[in-house]
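Remarks on the structure that follows.
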Amino acid sequence: MSVHPIAAVLGGQVPLGRRTTVQGWVRTRRDSKAGLSFVTVHDGSGFEPLQVIAPAELPNYRGEVLHLTAGCAVRVTGELVASAGKGQGVELRAEKIEVVGGVEDPETYPIAPKAHSFEYLRTVAHLRPRTNSIGAVARVRHCLAQAINRFFHERGYFWIHTPIITASDCEGAGALFRVSTLDLVNPPRTPEGSIDFGQDFFGRETFLTVSGQLNVEAYCLALSKVYTFGPTFRAENSNTSRHLAEFWMVEPETAFADLHANADLAESLLKSIFRALLDERADDMAFFAQRIDKTCIQRLEQVIQSPFKRLDYSEAICILERANRSFEFPISWGMDLQSEHERYLAEDYVDGPLVLMNYPKEIKSFYMRLNDDGRTVAAMDVLVPGIGEIIGGSQREERLEVLDARLGELGMNKAAYHWYRDLRRYGSVPHAGFGLGFERTVSYVTGMNNVRDVIPFPRTPRSADH
RNA sequence: UCCCCGGUAGCUCAGUCGGUAGAGCAAGUGACUGUUAAUCACUGGGUCCGUGGUUCGAGUCCGCGCCGGGGAGCCA
């Protein structure tokens, strides 16, 4: 007897009247005095569960079937039939129900067939993928990840596996997690008394990466079109619905590209993966639209159709200064935008994705290309309603003397960037790239408003329990 | 890290003026029913986050700590 995923059974890949086997976990059981029980079974292959009809004639009906509760693992063999009830087209008329794994105490099984708060589900992160919401999130994540790889592959971009362990705290993109095998209690000391990292595993200080960008630039200046897609680590003590200590980021880097080409790439990437999501995960998106965020589908359709609004930072400042509305933090040219400003621009002024470009150099990173005005850099942020910054990127400074001047201004150690500077000494070309926050993207498309609920096992300050 | 709010049954919450705790859902039992967030009845289920204090008496008031949420900063 062949085993089928429930998605295949419901998707018409098993003809009516055919015998088949499904395997999964019980969601609910309802008993009927008509001599049968209804057991809904899910296996994660798609959003919809399968309704199993368990006739009272089954040999284990009284002994086992009548005691099935949420979470029990079962293997069911039977005939696929048209449903005699409303609510589903087909159902499986069981000839055999095997309890593969029972639930030892139904009363304390953490995932009851009822509504749970996401805060609670985080405390049972090992069982929450069995819920509708978290299961749907997992499939959406997969779909988007596949769509991202497909998008780049089709455009000639190569996926570069940049290192997780890094020796440079470059970028200043946030606090770092140290990687060390030294004895924390009694570390080796230098004659001066500081910790002797020369005796550490790598013979120097090392950390978990905060970005694959600098490494991927090296491959960009060889393979032309490249990207990274992997985990990233930031030891910031950030406690918000938009931050994780471990998150995933997509970072394309394109040689011979300027800021506008970069923004074009960002826009087409987002549109492409949103289209794929609507096409491939209509079941899960229908659920999010029904239970989580009524507007999530129409929002994506609108984003796909309309061009992203683009604004220079300077224009944005003018708009904010003219805004008929008081901000907690008054804004003026040269200041970094606060959340309330980004919110106003993305939610009120545009009501959709917005690309902000050409920021003052003082508020951006050293590697961003200095514009001809001498006071702004070719940076861009993509802001979306509800989330804020979903993409941050720039055209990179490819001119060695300008880069060195910036390093000097910021008091950074040139020697530490020797290989990065080499890229500017040997065949340097204009190039540009950005970082797309994967969890923020999943959060945006599903309407799940906390990134802790769109990554399987969230790591946040004081929390790494599973 | 800062500001605000919270922690009571397996879960979501109520608990008045300080007088030893209640509902809904879930679970168990039964009734009913091609059911589907089923319905109805009954039953079991509590370290009121921890700790110290005030008081004759603390879920309730006060101090400290821990944990969670929302917002801010940082950022993707």
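Per chain, numbering begins at 1; letters A, B, ... match sequence-line order. Atom set for the values below is all heavy atoms of this structure, side chains included, hydrogens, waters and symmetry mates excluded.
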Nearest-angstrom distance, [atom1] atom, [N] to [M]:
| N | M | atom1 | result |
| --- | --- | --- | --- |
| B:A41 | B:G24 | P | 9 Å |
| B:G45 | B:G10 | P | 11 Å |
| B:U8 | B:G15 | C1' | 9 Å |
| B:U47 | B:G30 | C1' | 34 Å |
| B:C74 | B:G68 | P | 23 Å |
| B:G57 | B:U1 | C1' | 41 Å |
| B:A38 | B:C2 | C1' | 49 Å |
| B:C13 | B:G69 | C1' | 15 Å |

Opposite nucleotide pairing with [N], Watson-Crick or G-U, both atom distances under 3.5 Å:
| N | answer |
| --- | --- |
| B:U35 | none |
| B:C48 | none |
| B:G73 | none |
| B:U55 | none |
| B:U12 | B:A23 |

So if I take every side-chain heavy atom of [X] and compare against [options], which nucleotide ends up nearest?
| X | options | value |
| --- | --- | --- |
| A:Ser32 | B:A76, B:C11, B:U33 | B:U33 |
| A:Lys33 | B:C75, B:A31, B:G68 | B:A31 |
| A:Ser117 | B:G34, B:A38, B:U12 | B:U12 |
| A:Ala84 | B:U35, B:U12, B:G34 | B:G34 |
| A:Ser83 | B:A27, B:G34, B:A76 | B:G34 |
| A:Gln338 | B:C75, B:U35, B:G73 | B:G73 |
| A:Ser463 | B:A27, B:G68, B:A76 | B:G68 |
| A:Leu36 | B:A27, B:G34, B:C74 | B:G34 |
| A:Tyr120 | B:C11, B:U33, B:C75 | B:C11 |
| A:Lys114 | B:G24, B:C75, B:U33 | B:G24 |

Nucleotide [N], atom [atom2] - distance to [atom1] of [X] in whole Å:
| X | N | atom1 | atom2 | answer |
| --- | --- | --- | --- | --- |
| A:Arg29 | B:U33 | CZ | P | 17 Å |
| A:Ile391 | B:A76 | CD1 | P | 11 Å |
| A:Glu236 | B:A72 | CD | C1' | 14 Å |
| A:Asp336 | B:A72 | CG | C1' | 14 Å |
| A:Glu328 | B:C2 | CD | C1' | 12 Å |
| A:Leu66 | B:U35 | CG | C1' | 14 Å |
| A:Leu337 | B:A72 | CG | C1' | 15 Å |
| A:Glu439 | B:A76 | CD | P | 14 Å |

What class does the angle between the rings of [X] and [Y] fall in, given that below 30° is parallel, 30 to 60° is tilted and above 60° is perpendicular?
| X | Y | answer |
| --- | --- | --- |
| A:Phe233 | A:Phe177 | perpendicular |
| A:Tyr444 | A:Phe274 | tilted |
| A:Trp159 | A:Phe229 | tilted |

State which residue, out of A:Phe151, A:Tyr219, A:Phe152, fulfils the ring-ring contact (aromatic ring centres under 6.0 Å, His included) condition with A:Tyr227.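 Result for ring-ring contact (aromatic ring centres under 6.0 Å, His included) with A:Tyr227: A:Phe152.
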Can you find a donor-acceptor pair, distance only, under 3.5 Å between A:His243 side chain and B:C75 base? yes
Can you tell me whether the side chain of A:Ser238 and the base of B:C74 have a donor-acceptor pair closer than 3.5 Å? yes
Please assess A:Arg30 against A:Thr40 for the test side chain to side chain contact (heavy atoms under 4.5 Å, CB included), listing each intermediate value before the final yes or no. CA-CA 9 Å; A:Arg30 294 174 295 276; A:Thr40 53; 3.9 Å; yes
Would you say the side-chain atoms of A:Arg139 pair up with the backbone N or O of A:Gly44, donor to acceptor, closer than 3.5 Å? yes
Here's a test of your reading of the structure: between A:Thr69 and A:Gln51, which maps to the more 5' nucleotide of RNA chain B?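 Closest to the 5' end, via its nearest nucleotide, is A:Thr69.
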Let me spell it out: for each of A:Gly392 and A:Leu68, pick the nucleotide of RNA chain B with the closest heavy atom. Which residue's pick is nearer the 5' end?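 Closer to the 5' end of RNA chain B: A:Leu68.
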Base, sugar-phosphate or nothing for A:Glu91? Non-hydrogen atoms, less than 4.0 Å. base
Set out, in order, the CA-CA distance, both residues' side-chain angles and the distance that settles side chain to side chain contact (heavy atoms under 4.5 Å, CB included) for A:Tyr157 and A:Thr254, then state yes or no. CA-CA 9 Å; A:Tyr157 281 74; A:Thr254 313; 2.7 Å; yes
How long is the gap from CG on A:Asp351 to NZ on A:Lys309, to the nearest 0.5 Å? 13.5 Å
A:Phe438 on top of B:A76's base, within under 5.5 Å and under 30°? no
Output a table of donor-acceptor pairs, distance under 3.5 Å, between side-chain atoms of residues 355-363 of chain A and any protein atom two or more places apart or on a different chain; print 'none' if there are none.
residue: A:Asn358; atom: OD1; partner: A:Asn371; partner atom: ND2; Å: 3.0
residue: A:Asn358; atom: ND2; partner: A:Asp312; partner atom: OD1; Å: 3.1
residue: A:Tyr359; atom: OH; partner: A:Asp381; partner atom: OD2; Å: 3.2

Any pair counted as side-chain hydrogen bond (donor to acceptor under 3.5 Å, both in side chains), so long as it reaches residues 53-72 of chain A, sequence neighbours left out: A:Ser37-A:Tyr61, A:Asn60-A:Glu64
State whether A:Arg30 places a side-chain N or O below 4.0 Å from either non-bridging phosphate oxygen (OP1 or OP2) of B:A38.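 True: A:Arg30 side-chain N/O within range (under 4.0 Å) of B:A38 OP1/OP2.
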Hey, what are the protein-to-nucleotides 69-71 of chain B N/O distances that come in under 3.5 Å?
residue: B:G69; atom: OP1; partner: A:Arg122; partner atom: NH1; Å: 2.5
residue: B:G69; atom: OP1; partner: A:Arg452; partner atom: NH1; Å: 2.8
residue: B:G69; atom: OP2; partner: A:Arg452; partner atom: NH1; Å: 3.0
residue: B:G70; atom: OP1; partner: A:Asn450; partner atom: ND2; Å: 3.3

